[in-house]
Number of protein chains: 2
Amino acid sequence: MAILRPSITTGPDHNISDVPSVVIQRLPLYVRVLAYFEGNEYEMVSSEQLAGRLQMTPAQIRKDLSYFGKFGKQGRGYNVKRLAAELRRILGLDRSWNACLVGVGRLGRAIISYPGFQPEGFRVVAAFDADSALIGSEVGELKVDPLGDIPVKVRRLNIRIGIVAVPAQHAQGVIDRLVDAGIRAILNYAPIAAQVPPNVRVANIDPVLGLQSMTYYLKNARG
Amino acid sequence: MAILRPSITTGPDHNISDVPSVVIQRLPLYVRVLAYFEGNEYEMVSSEQLAGRLQMTPAQIRKDLSYFGKFGKQGRGYNVKRLAAELRRILGLDRSWNACLVGVGRLGRAIISYPGFQPEGFRVVAAFDADSALIGSEVGELKVDPLGDIPVKVRRLNIRIGIVAVPAQHAQGVIDRLVDAGIRAILNYAPIAAQVPPNVRVANIDPVLGLQSMTYYLKNARG
DNA sequence: ATACGCTTGTGATATAAATCACGGCCGGCG
DNA sequence: CGCCGGCCGTGATTTATATCACAAGCGTAT
């Protein structure tokens with residue numbers, strides 16, 4: 001059974017650790033469900049309880065966790081706070097990360113004002129655009145800079161993540177510039193299959209792809 | 001190697017046809033790449049060329065296509081127009097689909113004005129919100145209706161797809177109402193693992209999940 | 001005509017991922 | 001203080017997915 005999970009791409013075969021990337025992609029889900037249980041005053045949870053809320057099997061959760069250590073107690077389950085903290089540490093969510101946005105059109109502006117990044121420790125600290133009419137203008141709290149400033153700003157502001165919100169035909173070029181500037185993680189909203197070196201990760205956000213495969217099932221549904 | 005692909009969920013084990021859902025989820029990618037080749041005046045393409053642009057192996061593409069028929073010619077490859085048309089037909093993209101939006105906050109408004117759905121045949125034809133202050137107001141070209149109107153509007157406007165853009169704590173409730181109204185495909189922007197019956201598909205859009213797994217690699221990167 | 005280079009379609013094979021199933025510990029209870 | 005219900009951690013197994021590799025067909029060139 002498929003499970004809620006983002007789509008992450010890299011260049012040709014590349015896994016730093018020996019932990020399957022499909023496991024890494026599930027960890028944030030566990031963090032999120034643990035936050036739910038924490039909010040509901042649970043002290044301990046079993047793999048069964050976690051699995052229930054994610055529609056997966058308890059065994060898979062236990063196996064996933066076992067890649068990183070032994071966090072549970074037999075007969076008792078997992079300490080909610082402890083496991084959440086461990087997973088956050090493993091994922092690097094115990095610190096904050098700076099990102100830059102490329103493309104401040106309609107979509108880019110929506111991304112800048114999206115309130116979901118901040119509380120998770122992601123901060124958009126720079127914005128770039130190719131359109132000279134936009135450069136210098138204020139978007140949110142940010143001044144829009146030209147693409148040429150990417151390398152300098154990335155270095156100066158310790159930006160590790162690039163968010164791409166430009167039209168499809170410009171996306172690959174922008175991604176190349178980000179990679180050249182040392183960016184190794186890209187959140188890509190453009191509808192393209194980006195080509196990147198093996199040590200760069202790309203997470204694609206593409207609502208249309210989701211819709212386009214669901215219509216297959218709608219068309220063939222009985223009832 | 002992971003590939004650009006949306007995350008689709010259902011209720012407990014449910015596959016209408018015997019075509020693996022991972023294959024279905026790749027078909028829209030093929031459609032998109034074919035559109036690219038069509039735009040560049042190619043008449044024929046090989047599985048190798050398609051694979052190159054998607055960073056996958058030619059064999060996988062051929063095998064995926066073989067679930068649905070024989071569309072190629074040995075020694076020549078695939079006719080771009082023909083294959084694109086076949087895949088669109090298989091996916092049900094040769095018609096248009098009506099969707100409704102639930103939640104017309106900041107995110108919902110961005111979705112309504114997102115220009116990427118229309119050209120692919122997806123039309124947002126109704127908008128709902130729980131906030132009585134918003135009901136009756138105009139958003140885009142749509143009047144905002146109360147949640148109670150969902151069943152009637154879904155039937156009357158032949159809405160097959162629900163787009164959920166409400167805060168996490170209300171998302172499951174909204175999804176339940178959509179399912180009750182007969183919706184079988186949901187595009188979910190809320191950060192939850194929705195619980196739905198087996199015959200309902202959910203495509204999740206969640207930029208934070210993508211970021212949260214990339215930080216693992218950033219943290220552990222060498223160079 | 002026939003030979004050749006190219007590329008499909010697909011069984012067979014290899015790899016990856018998920019699940020099973022059980023030994024072992026935990027803590028509570030009698 | 002020993003027994004018991006519960007649940008973890010994990011090797012073994014099953015299932016799913018991807019790749020290989022090759023016979024067969026197409027079109028061109030000679």
Side-chain angles (χ1 to χ4, degrees), chain A residues 1-5 7-10 12-15 17-27 29-30 34 37 42-52 54-80 82-83 86-87, chain B residues 1-5 7-10 12-15 17-27 29-30 34 37 42-52 54-80 82-83 86-87:
Chain A
M1 231 226 11
I3 183 63
L4 177 67
R5 148 160 67 81
S7 119
I8 310 274
T9 312
T10 26
D13 284 323
H14 191 257
N15 254 352
S17 66
D18 46 356
V19 182
S21 73
V22 63
V23 172
I24 303 297
Q25 289 171 44
R26 279 192 294 260
L27 298 187
L29 294 173
Y30 302 157
L34 286 164
F37 281 110
Y42 283 64
E43 197 198 335
M44 305 290 288
V45 281
S46 65
S47 58
E48 180 118 25
Q49 292 174 298
L50 294 172
L54 288 167
Q55 293 159 94
M56 22 191 312
T57 64
Q60 179 157 64
I61 290 183
R62 294 201 302 275
K63 180 137 255 198
D64 283 357
L65 297 178
S66 78
Y67 281 101
F68 304 98
K70 308 187 184 200
F71 307 115
K73 277 206 182 90
Q74 291 98 325
R76 304 298 297 150
Y78 301 91
N79 179 294
V80 175
R82 156 110 193 288
L83 182 56
E86 292 278 11
L87 292 179
Chain B
M1 233 224 12
I3 183 62
L4 175 66
R5 147 160 69 79
S7 119
I8 309 274
T9 313
T10 25
D13 285 324
H14 192 257
N15 253 351
S17 66
D18 46 355
V19 182
S21 73
V22 63
V23 172
I24 302 297
Q25 289 171 44
R26 280 192 294 260
L27 298 187
L29 294 172
Y30 302 158
L34 286 164
F37 280 110
Y42 283 64
E43 197 198 334
M44 305 289 289
V45 281
S46 65
S47 57
E48 181 117 27
Q49 291 173 299
L50 293 171
L54 289 167
Q55 293 159 95
M56 22 190 314
T57 64
Q60 179 158 65
I61 291 183
R62 294 201 302 275
K63 179 137 257 197
D64 283 358
L65 297 179
S66 78
Y67 282 102
F68 303 98
K70 308 187 182 197
F71 307 115
K73 278 205 181 89
Q74 289 100 325
R76 305 298 298 150
Y78 302 90
N79 179 293
V80 175
R82 155 110 193 288
L83 183 56
E86 291 279 10
L87 292 180

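In this text the structure is predicted, and so the values were computed from the model without any measurement. Proteins come first, then strands; the chains are lettered A, B, ... in the order of their sequence lines, and each starts at number 1.
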For a quick test of reading the model: is some side-chain N or O of B/Y78 closer than 4.0 Å to OP1 or OP2 of C/dG9?
yes

How many Å lie between CE on B/M44 and C1' on D/dT28, as a whole number?
14 Å

Over all heavy atoms of both residues, which pair between A/R62 and A/S47 is shortest? Give the atoms and the distance, please.
NH1-OG, 3.1 Å

Less than 4.5 Å apart, side chain to side chain, heavy atoms only: is that true for A/L34 and A/Y78?
no

Taking for each residue the nucleotide of DNA chain C bearing the nearest heavy atom, is the 5' side occupied by A/A59 or by B/A59?
B/A59

Please determine whether a side-chain nitrogen or oxygen atom of B/S47 lies at a distance below 4.0 Å from atom OP1 or OP2 of C/dT8.
yes

Does D/dT10 have OP1 or OP2 under 4.0 Å away from a side-chain N or O of A/K70?
yes

A/Q25 (side chain) donor-acceptor with A/V22 (main chain) under 3.5 angstrom
no

Which whole-number value in Å describes the distance from B/R82 CZ to C/dT8 C1'?
13 Å

If you apply the rule side-chain contact (heavy atoms from CB on, under 4.5 Å), what do you find for B/V45 with B/L83, and how did you get there?
CA-CA 10 Å; B/V45 281; B/L83 183 56; 5.5 Å; no

Hey, is the side chain of B/T57 poking within less than 4.0 Å of OP1 or OP2 on D/dA18, counting only N and O atoms?
no

NZ of B/K63 versus C1' of D/dA21: gap in Å, rounded?
12 Å

Need one value for B/R62: base, sugar-phosphate or nothing, where a base atom within 4.0 Å counts as base even if backbone is also close, heavy atoms only.
base

Whether A/R26 contacts C/dA18 is assessed here as follows: a side-chain N or O lying under 4.0 Å from the phosphate OP1 or OP2. Is that the case?
yes

Round to the nearest Å and state the distance from A/F71 atom CZ to D/dT10 atom P.
11 Å

Distance below 4.0 Å between B/Q74 side-chain N/O and D/dA24 OP1 or OP2:
no

Which residue lies more 5' along DNA chain D, comparing A/Y67 with A/R76 via nearest heavy atoms
A/R76

Spacing between A/E43 atom CD and C/dC26 atom C1', to the nearest angstrom:
15 Å

Tell me which nucleotide among C/dA17, C/dT8, C/dA12 gets nearest to the side chain of B/S46.
C/dT8

Is the shortest heavy-atom distance from the side chain of A/Y30 to the side chain of A/L54 under 4.5 Å?
yes

Take atom CD of B/Q60 and atom P of C/dA14, then tell me their distance rounded to the nearest Å.
19 Å

Rounded to whole angstroms, how far apart are CG on A/D18 and P on C/dA17?
12 Å

